[in-house]
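Notes follow the structure.
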Amino acid sequence: MNNEKPTHFIHEMIEADLKSGRYQSVRTRFPPEPNGYLHIGHAKSIVLNFGTAKKYGGQCNLRFDDTNPTKEEVEYVESIQEDIRWLGYEWDELRFASDYFDQLYAWAVQLIKEGKAYVDDLSQEEIRQYRGTLTEPGRNSPYRDRSVEENLDLFERMKNGEFPDGSKVLRAKIDMASPNLNLRDPVMYRILHARHHRTGDQWCIYPMYDWAHGQSDAIEGISHSLCTLEFENHRPLYEWFLDNLPIAHKPRQIEFARLNLTYTVLSKRRLIRLVKEGHVRGWDDPRMPTLAGLRRRGVPPAAIRNFCEAIGVAKANSTIDLALFEYHIRQELNRIAERRMAVLDPVKVVITNYPEGQVEWLEAINNPEDESAGTRKIPFTRELYIERDDFREVRPNKKYHRLSIGHEVRLRYGYFIKAESVVKDEAGNILEIHCTYDPETRGGYAPDGRKVRGTIHWVSAPHAIDAEVRLYDRLFTVPDPRSEADKDFTEFINPNSLTVLTGCKLEPDLAAAAAGTHYQFERKGYFFLDPDSQPGRPVFNRTITLRDTWSKIAKSLGQK
RNA sequence: UGGGGCGUGGUGCAAUGGCAGCACAGCGGACUUUGGAUCCGUUGAUCUUGGUUCGAAUCCAGGCGCCCCAGCCA
């Protein structure tokens, strides 16, 4: 069970409820509406709900809040399940609010019989006018005092499909003067002649969120119904329904602040626009904060879980620095990623004193953080590729430790080489760098103990595999794309959020790169095979760069 | 101008009347066959005014600021 002390106010409340006997056990639920893909913000709720159940030895259900057939689709109920499992959680029971439509209807009839609900013929516009404003009380609908018999008859005929959409609603009879607008006779049912993805054409009236959620919680025996802050105003209504129904079990709703992330948008409305307007390639575009996007990008689920645990749970609205998420991604990837060498922007190196046609297979470590990952052999030959950026004809400053003419550098797991000359085309572009190597330094060790500060990666030219590599940067150029009221958030989309590199050179071992395996291309970052890959034509997504302290040093030096 | 909620370093979270702490970010250093990882050090905060108290981030009163609510969305 649980020995650690509570980490936040929700767990404190749960422990108090357990101690007082209000509840004997903990049961939570994750209640998505199947009208979009899950994103990192949902992950916070998933980790909270499933994590809380686990911590207290309880259960957690997955319940789809499918009360609005005009917006919901099976595509989403499937993707949501896939994403939750990928994140690392399994629900105790799979439920749907639509499972409870019969019970909800019966309870509504009961409220009508008790004079606590009525059928209203007011139009949507009239209902709004009658509701009053934030500072003025509302007025009773002229239909508020219909007889029980008439209400029963009308409600049944609503159910039977005798009335068109929008012509009538069932409302709870509470208090049109309440300072809490949710209590001003909230709508319980609306008429919607729409086909539901589960119940088909069985219903043409559908329950509203407020009427469905609390009762669904009660039916499932949920002890703690955790939701976001905007539902705090709904809690009195949540409790009113429970108190006015013959329900023994009363769940407790607790609200917490939703996740916000810098340089990211997380509202469904905005996410759907990014997809529908073609700013990204789909819900699983690696730049999207959706779980599907993060998965495709190569973010490990453990990184997301750790991040969600690290940010805490509180009631203050807050925006987490993207850097914290990136920290957890790197921390997990550093632990699990297989190291390989890949040259993204290749330039050829010819080692003039290395025998033509010779191939040496040198040993390289797969993961210095995990000895069990073992080693592999990589081929070394006379012609190699290195990063164009790892060479300067003239050493720019004394902190520059990479290759330059007259200076020595270590080829990772290879030899020390020294640049002697360059071959250029007429435009002055470097075609080849001619180097000499020291045969005594095989494996990268200097028997004479001389120091070489720089170590660069490389691949053997005749063995290299060509690949496409996609580099991603943050999708937005400003920390809060919603911040300026007169500008649409799409105006802040980073035009350089995607860079496609072709002709990248990979070490031959990567021919067998497996989908789902996380790689670190040494010195370049973490990479993950994209499903766009073709046999012999791999496509890699850069999940994230390595931490780059050099760029800071270079910046302070005023160099590129 | 009604009701509900929230204000602690740059960011996020702790401290539950008793030395304001942790993480990320920043800065400095050590080490390094990844300018990675690791290790060490360091800058920096209680919205405000008053009150209670030996003692207040915490309790009380007022003020200020921010968020949510007027869907037949969730």
Side-chain angles (χ1 to χ4, degrees), chain A residues 7-8 12 31-33 35 65-68 70-72 120 122-124 127-129 131-138 165-171 177-184 186-192 205-206 208-210 212-213 227-236 255 257 262 268 310-328 330-331 334-335 339 341 364-365 368-369 399-402 410-414 416 441 443-446 452-457 479 520-526 545-554:
Chain A
T7 53
H8 50 71
E12 281 179 8
E33 183 190 13
N35 70 343
D65 231 329
D66 56 349
T67 56
N68 186 352
T70 65
K71 291 189 176 175
E72 295 151 8
D120 197 346
L122 252 28
S123 70
Q124 190 164 349
I127 285 182
R128 189 192 318 152
Q129 284 163 359
R131 187 154 30 222
T133 69
L134 294 177
T135 53
E136 299 162 292
D165 288 5
S167 60
K168 287 178 169 41
V169 291
L170 183 74
R171 303 176 71 177
S178 172
N180 182 337
L181 305 224
N182 294 123
L183 263 17
R184 317 240 266 227
V187 173
M188 296 166 62
Y189 279 97
R190 74 287 217 192
I191 300 171
L192 248 30
I205 57 171
Y206 290 93
M208 298 289 290
Y209 164 84
D210 287 301
H213 202 92
C227 63
T228 44
L229 252 26
E230 66 269 27
F231 292 102
E232 202 153 20
N233 294 328
H234 293 243
R235 188 169 4 116
E255 311 83 14
T262 56
K268 268 179 191 170
I311 58 178
V313 178
K315 295 196 69 157
N317 291 313
S318 62
T319 302
I320 310 289
D321 191 340
L322 221 214
L324 181 62
F325 186 38
E326 294 178 335
Y327 166 82
H328 286 281
R330 290 194 179 99
Q331 178 170 275
N334 177 55
R335 201 173 67 77
R339 272 61 170 177
M341 290 203 284
I365 294 166
E369 307 292 322
K399 286 194 174 178
Y400 183 88
H401 300 309
R402 290 172 278 175
R410 174 188 293 109
L411 293 176
R412 176 83 153 151
Y413 302 124
F416 289 3
T441 57
Y445 299 97
V452 169
R453 292 288 297 272
T455 301
I456 64 174
H457 61 280
Q520 182 196 107
F521 293 170
E522 295 212 18
R523 303 206 306 137
K524 299 312 291 184
Y526 296 97
T545 61
L546 258 24
R547 257 184 85 233
D548 185 9
T549 50
W550 169 247
S551 67
K552 287 173 195 163
I553 296 168

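Every chain is numbered from 1, with letters handed out A, B, ... down the list of sequences.
At the heavy-atom level, A/Y189 lies nowhere under 4.0 Å from the strands shown. At a threshold of 4.0 angstrom between heavy atoms, the contacts of A/P368 include nucleobase atoms, whether or not backbone atoms are also involved. Contacts of A/A314 with the nucleic acid, taken as non-hydrogen atoms under 4.0 Å apart, involve only primed sugar atoms and P, OP1 or OP2. Nucleic acid contact for A/T70: none, since no nucleic acid atom lies under 4.0 Å from a heavy atom of the residue. Counting any heavy atom pair closer than 4.0 Å across all strands shown, A/V452 reaches no nucleic acid atom. Residue contacts shown for A/K168 are absent, as no nucleic acid heavy atom lies under 4.0 Å away. Looking at heavy-atom distances under 4.0 Å, A/N233 makes contact with a base. In this structure, A/L183 reaches neither bases nor backbone, as no heavy-atom distance under 4.0 Å exists between it and the strands shown. No engagement by A/Y206 is indicated, since no non-hydrogen atom pair under 4.0 Å with the nucleic acid exists.
A donor-acceptor pair under 3.5 Å is absent between the side-chain atoms of A/R190 and the main chain of A/G166, judged by distance alone. Judged by distance alone, the side chain of A/T455 and the main-chain N or O of A/R412 form no donor-acceptor pair under 3.5 Å.
Both thresholds, 5.5 Å between centres and 30° between ring planes, are not jointly met by A/Y209 relative to the base of B/A74, so the two rings are not stacked.
Rounding to whole angstrom units, NE2 of residue A/H457 and C1' of B/G36 are separated by 12 Å. Taking atom CZ of A/F325 as the reference point, atom P of B/A25 lies 14 Å away to the nearest angstrom.
The phosphate of B/G71 (OP1 or OP2) has a side-chain N or O of A/R128 nearer than 4.0 angstrom. The phosphate of B/G35 has OP1 or OP2 within less than 4.0 Å of a side-chain N or O from A/R523. At the phosphate of B/A37, OP1 or OP2 sits under 4.0 Å from a side-chain N or O atom of A/R547. Listed pair A/T549 / B/G36 meets the phosphate criterion, a side-chain N or O lying under 4.0 Å from OP1 or OP2. The phosphate of B/G71 has OP1 or OP2 within less than 4.0 Å of a side-chain N or O from A/R131. In this structure, A/Y327 reaches the B/C24 phosphate: one of its side-chain N or O atoms is under 4.0 Å from OP1 or OP2. Contact annotation: A/S318 reaches the phosphate of B/C13 (side-chain N/O to OP1 or OP2, under 4.0 Å). Side-chain N/O atoms of A/T67 include one lying less than 4.0 angstrom from OP1 or OP2 on B/A74. OP1 or OP2 of B/C68 has not a single side-chain nitrogen or oxygen of A/K315 nearer than 4.0 Å. The side chain of A/R171 places no N or O atom within less than 4.0 Å of a non-bridging phosphate oxygen (OP1 or OP2) of B/C72.
When each of A/E522, A/K524, A/R523 is checked for a side chain to side chain donor-acceptor pair (under 3.5 Å) with A/H457, only A/R523 meets the rule.
The A/T135 side chain lies nearest to B/U1 when the options are B/A74, B/G36, B/U1. The side chain of A/L324 lies closest to B/A23, out of B/A23, B/U32, B/A37.
Annotation: the span from A/D66 atom CG to A/E72 atom CD amounts to 5.5 Å, rounded to 0.5 Å. Separation of atoms CD (A/E232) and NZ (A/K315) is listed at 3.5 Å; rounding is to 0.5 Å.
When only modelled atom types and interatomic distance are considered, A/R128 and A/S123 share no side-chain donor-acceptor pair under 3.5 Å.
The shortest side-chain heavy-atom distance between A/D120 and A/V187 does not fall under the 4.5 Å cut-off. Residues A/K399 and A/R453 fail the side-chain proximity criterion, which asks for heavy atoms closer than 4.5 Å. A/P186 has its side chain out of reach of A/D210: every pair of non-hydrogen atoms, C-beta onward, lies at least 4.5 Å apart.
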Worksheet item: Based on Watson-Crick and G-U pairs with both distances under 3.5 Å, what dot-bracket line describes RNA chain B 5' to 3', crossing pairs as [ ] and inter-strand pairs as |?
Response: .((((((..((((....[..)))).(((((.......)))))....(((((..]....))))))))))).....
